[in-house]
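Side chains included, hydrogens not; waters and symmetry mates left out as well; all remaining heavy atoms used. Index from 1, following the sequence.
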Amino acid sequence: MMMLIDGEWTGSCSEETYEVKNPANGRLVDTAPLGSAEDVKRAADSAHEAFKKWSELTARERGKILFRAAQRVREKQHELAVTLTMEQGKPLKEARDEIQGFANILEYYSGISAALEGRAVSLANGRHGIILRRPIGVCGAIIPWNVPAIIMGWKVGPALVTGNTLVLKPATTTPLTNLSLASILNASGLPKGVLNVVTGNGASVGEEIVRNPLIKKLSFTGSIETGRRVLQAASSSMKRVTLELGGSDPMIVCDDADIKKAVEGAVHGRFYNCGQTCTAVKRLYVFESIADEFVRKLRGRVERLKVGNGMEEGVDMGPLNNRAQWEQIKTLVDRVKEKEEGNVIAGGKVPEGETYKNGYFYMPTLVTDVAPDSALLEEEVFGPVLPIITVKGLDEAIELANGSKFGLGSSIWTNDIEKIRVACERLESGVTWVNQHVRLPPEMPFGGVKESGIGRENGLEAIDAYCELKSIIM
């Protein structure tokens, strides 16, 4: 598959390619160009050239193109979902939902496009003010492999509808879905150069996107460590930056919660996408008065999950996306066992059998009696491992939940309105769910506090991130 620069499908300047393999069986899915800094420069030049005419269109005209693209994405939902499952590993039903989510995002930004206006202000002494929104220019987007379609939507939707042009870098293991979605956007009426997709690794493609002087705004989703490097590099050119970084989301289950629903919430929140979600439930705090019943039911539910190739019917959880991630999870759980940092009550191993021998599979894992200084609680565990901690009450749960450098998401499970009020006020996170977890509709701003990021994606708030405000005083 080729990459997209200046409206044309092209290889890299070096003519080199790399293989994209299925994490469920190691088989070749396709190849992609191994892009370089020179390819990013070509893309940035093209985006810079396209900016003037694109930004002169009305937001409504730009929104119509996004809407047409959303319709075409829905028409090709199954085909796109198959591509996503084959390169990422997630079950086909999850891939379908993700493709639908991408279409939802484009439709949302198309729907609000007509309202993207400035505003008038009445000032003292008969004066008047006008506040204009102006696009920034060429923007850059670096997206990860865990939910590549959704995160592409978070960046493409607000960037394009506000009149910016874009250079986008997919993850090396999941470029095919992003390229396919870009093809649909291109065919829906985007002028050449408005959206460019350059495939390749972070050391060359990602680095040039961060440092290229034509790129005025950058949106990055990834790890805290890489986010720090991105922020430092972008500062040299005063590039505007949105960072959506790691998370270690706490889920608090109170003594009055609906246990059946909370169990299902924990299973979905932790093991959806094989636990490879920034907002996954990564720390579970349960009131001790219901802990025995809750853990028993949770264990029974987890042990019934079917692990396998995402293309197979009835599979609940696919493989981890890549070998490095698989080795990290395996090493982490082995360390917990060796150092006696917790009691593994479910999973904790690589599944056996012919089905699994060539894939990056790991069993859904539950750990109780977790040591306070365990890596399970201090690091972001990006895989299917859930530590469970019992607490006496809400105050203890919130204190432990907040005792982390992360602050992306959190959830409270209770029917007590006062507990909900306290949790929503005191939990240090960008999002707090009540009796649910993970779902992020495009209308709601999303981002973290503390080391989980800077800025917000989604909603009207993302619009402001892609605009310059100009004040006119008369």
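Between Gly200 and Thr172, the shortest heavy-atom distance links the atoms O-CG2, 3.1 Å. In terms of heavy-atom proximity, Pro319 sits nearest to Gly89 at CD-O, 3.2 Å. Leu408 and Ser452 get closest at one heavy-atom pair: N-OG, 3.4 Å.
For the residue pair Tyr272 and Arg270, no side-chain donor N or O sits within less than 3.5 Å of a side-chain acceptor on the partner. For the residue pair Arg62 and Asn164, no side-chain donor N or O sits within less than 3.5 Å of a side-chain acceptor on the partner. Side-chain contact annotation: Glu87 with Thr177, donor-acceptor N/O pair under 3.5 Å present. Between the side chains of Ser113 and Ser110, not a single donor N or O lies within less than 3.5 Å of an accepting N or O. Between Ser429 and Ser410, the side chains place a donor N or O and an acceptor N or O closer than 3.5 Å (distance only, hydrogens not considered). Of the N and O atoms on the side chains of Gln328 and Thr331, not one donor lies less than 3.5 Å from an acceptor on the other residue. Checked by atom type, the side-chain pair Glu457/Ser219 shows a donor-acceptor distance below 3.5 Å. A donor atom on one side chain and an acceptor atom on the other are found under 3.5 Å apart for Asn321 and Thr173. Under the 3.5 Å distance criterion, with hydrogens and angles disregarded, a donor-acceptor pair is assigned to the side chains of Ser204 and Asn201.
Checking side-chain atoms of Lys216 against main-chain N and O of Pro213 turns up a donor-acceptor pair under 3.5 Å. With Gln88 contributing its side chain and Lys90 its backbone, the two residues share a donor-acceptor pair below 3.5 Å. With hydrogens and angles disregarded, a donor-acceptor distance shorter than 3.5 Å links the side chain of Glu98 to the backbone of Ala149. A donor-acceptor pair under 3.5 Å is absent between the side-chain atoms of Lys169 and the main chain of Thr199, judged by distance alone. Within the 3.5 Å criterion, the main-chain N or O of Ser404 finds a donor-acceptor partner in the side chain of Lys450. Judged by distance alone, with hydrogens and angles left aside, the side-chain atoms of Ser180 form a donor-acceptor pair with the main-chain N or O of Leu176 at under 3.5 Å. Side chain of Arg72 to backbone of Phe67: no donor-acceptor contact under 3.5 angstrom is found. Side chain of Gln77 to backbone of Arg96: a donor-acceptor contact under 3.5 angstrom is found. A donor-acceptor pair is defined here as one N or O able to donate and one able to accept, closer than 3.5 Å; no such pair exists between the side chain of Tyr108 and the backbone of Asn458. One N or O on the side chain of Glu94 and one on the backbone of Asn273 form a donor-acceptor pair closer than 3.5 Å.
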Q) What's the verdict on salt bridge (charged side-chain N to carboxylate O under 4.0 Å, His left out) for Glu38 and Lys41, showing C-alpha distance, side-chain angles and the deciding distance? A) CA-CA 5 Å; Glu38 287 304 311; Lys41 290 174 184 175; 3.4 Å; yes

Q) Going through the checks in order, is the side chain to side chain contact (heavy atoms under 4.5 Å, CB included) test met by Gln232 and Arg228? A) CA-CA 6 Å; Gln232 184 177 23; Arg228 287 196 186 100; over 6 Å; no

Q: For Leu190 and Leu160, run side chain to side chain contact (heavy atoms under 4.5 Å, CB included): C-alpha distance rounded to whole Å, both residues' side-chain angles, the deciding distance at 0.1 Å, then the answer.
A: CA-CA 10 Å; Leu190 283 184; Leu160 297 190; 4.0 Å; yes

Q: Could you go through the salt bridge (charged side-chain N to carboxylate O under 4.0 Å, His left out) check for Glu225 and Arg229 one step at a time?
A: CA-CA 7 Å; Glu225 292 72 21; Arg229 294 197 296 272; over 6 Å; no

Q. Between Lys155 and Thr221, does a side chain to side chain donor-acceptor pair (under 3.5 Å) hold up when you go through it step by step?
A. CA-CA 10 Å; Lys155 301 180 192 309; Thr221 300; 2.9 Å; yes

**Q.** Test side chain to side chain contact (heavy atoms under 4.5 Å, CB included) applied to Leu80 and Ile99, step by step
**A.** CA-CA 7 Å; Leu80 290 163; Ile99 298 302; 3.8 Å; yes

Q: Output, in order, the C-alpha distance, side-chain angles, deciding distance and verdict of side chain to side chain contact (heavy atoms under 4.5 Å, CB included) for Arg133 and Ile463.
A: CA-CA 9 Å; Arg133 278 196 181 105; Ile463 293 296; 3.9 Å; yes

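Under the side chain to side chain contact (heavy atoms under 4.5 Å, CB included) criterion, Ser12 pairs with Met3, Ser14, Pro33, Asp39, not counting sequence neighbours.
Ile209 CD1 to Ile142 CD1: the interatomic distance, rounded to the nearest 0.5 Å, is 5.0 Å. The CD1 atom of Ile420 sits 7.0 Å away from the CG atom of Asn415 when rounded to the nearest 0.5 Å. Here the CG atom belonging to Leu284 is positioned 10.5 Å from the NE2 atom belonging to His437, to the nearest 0.5 angstrom. To the nearest 0.5 Å, the span separating CD1 on Ile252 from CG on Leu427 amounts to 5.0 Å. Note: Ile65 CD1 to Leu195 CG = 11.5 Å, rounded to the nearest 0.5 Å. Remark: Glu303 CD to Leu366 CG distance equals 8.0 Å, nearest 0.5 Å.
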Less than 3.5 Å apart, which donor and acceptor atoms pair up between the side chains of residues 309-317 and the rest of the protein, not counting sequence neighbours?
unit_1, atom_1, unit_2, atom_2, d
Asn309, OD1, Met311, N, 2.9
Asp316, OD2, Lys306, N, 2.8

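The salt bridge (Lys or Arg N to Asp or Glu O under 4.0 Å) with Glu264 is formed by just one residue from the set Arg304, Lys297, Arg301; it is Arg301. Exactly one of Lys405, Arg283, Lys282 qualifies for a salt bridge (Lys or Arg N to Asp or Glu O under 4.0 Å) with Glu380. That residue is Lys282. Screening Val385, Val307, Leu386 for a side chain to side chain contact (heavy atoms under 4.5 Å, CB included) involving Pro364 leaves a single residue, Val307.
Counting non-hydrogen atoms of neighbouring residues, nucleotides and ligands closer than 6.0 angstrom, the NZ atom of Lys330 reaches no more than 12 such neighbours. Heavy-atom neighbours of Glu15 CD from other residues, nucleotides or ligands within 6.0 Å: at or below the threshold of 12. No more than 12 heavy atoms of other residues, nucleotides or ligands sit less than 6.0 Å from atom NZ of Lys76. Heavy-atom neighbours of Glu443 CD from other residues, nucleotides or ligands within 6.0 Å: above the threshold of 12. Counting non-hydrogen atoms of other residues, nucleotides and ligands closer than 6.0 Å to CD of Glu49 gives a total of 12 or fewer.
Under a cutoff of 6.0 Å and an axis angle of 45°, Lys217 and Tyr466 form a cation-pi pair.
The shortest distance between side-chain heavy atoms of Val350 and Trp326 falls below 4.5 Å. For the pair Leu377/Pro387, a side-chain contact is recorded, criterion being any heavy-atom separation below 4.5 Å from C-beta on. Between Leu460 and Ile112 the shortest side-chain heavy-atom distance falls below 4.5 Å.
Note on ring orientation: taking the six-membered ring where Trp is involved, the planes of Phe361 and Tyr356 are perpendicular (angle over 60°, cut-offs 30° and 60°).
Ring to ring, Phe382 and Trp145 are close: their centroids are under 6.0 angstrom apart.
A ring pair (Phe, Tyr, Trp, His ring centres under 6.0 Å) check over residues 7-61, counting only residues at least two apart or in different chains, returns nothing.
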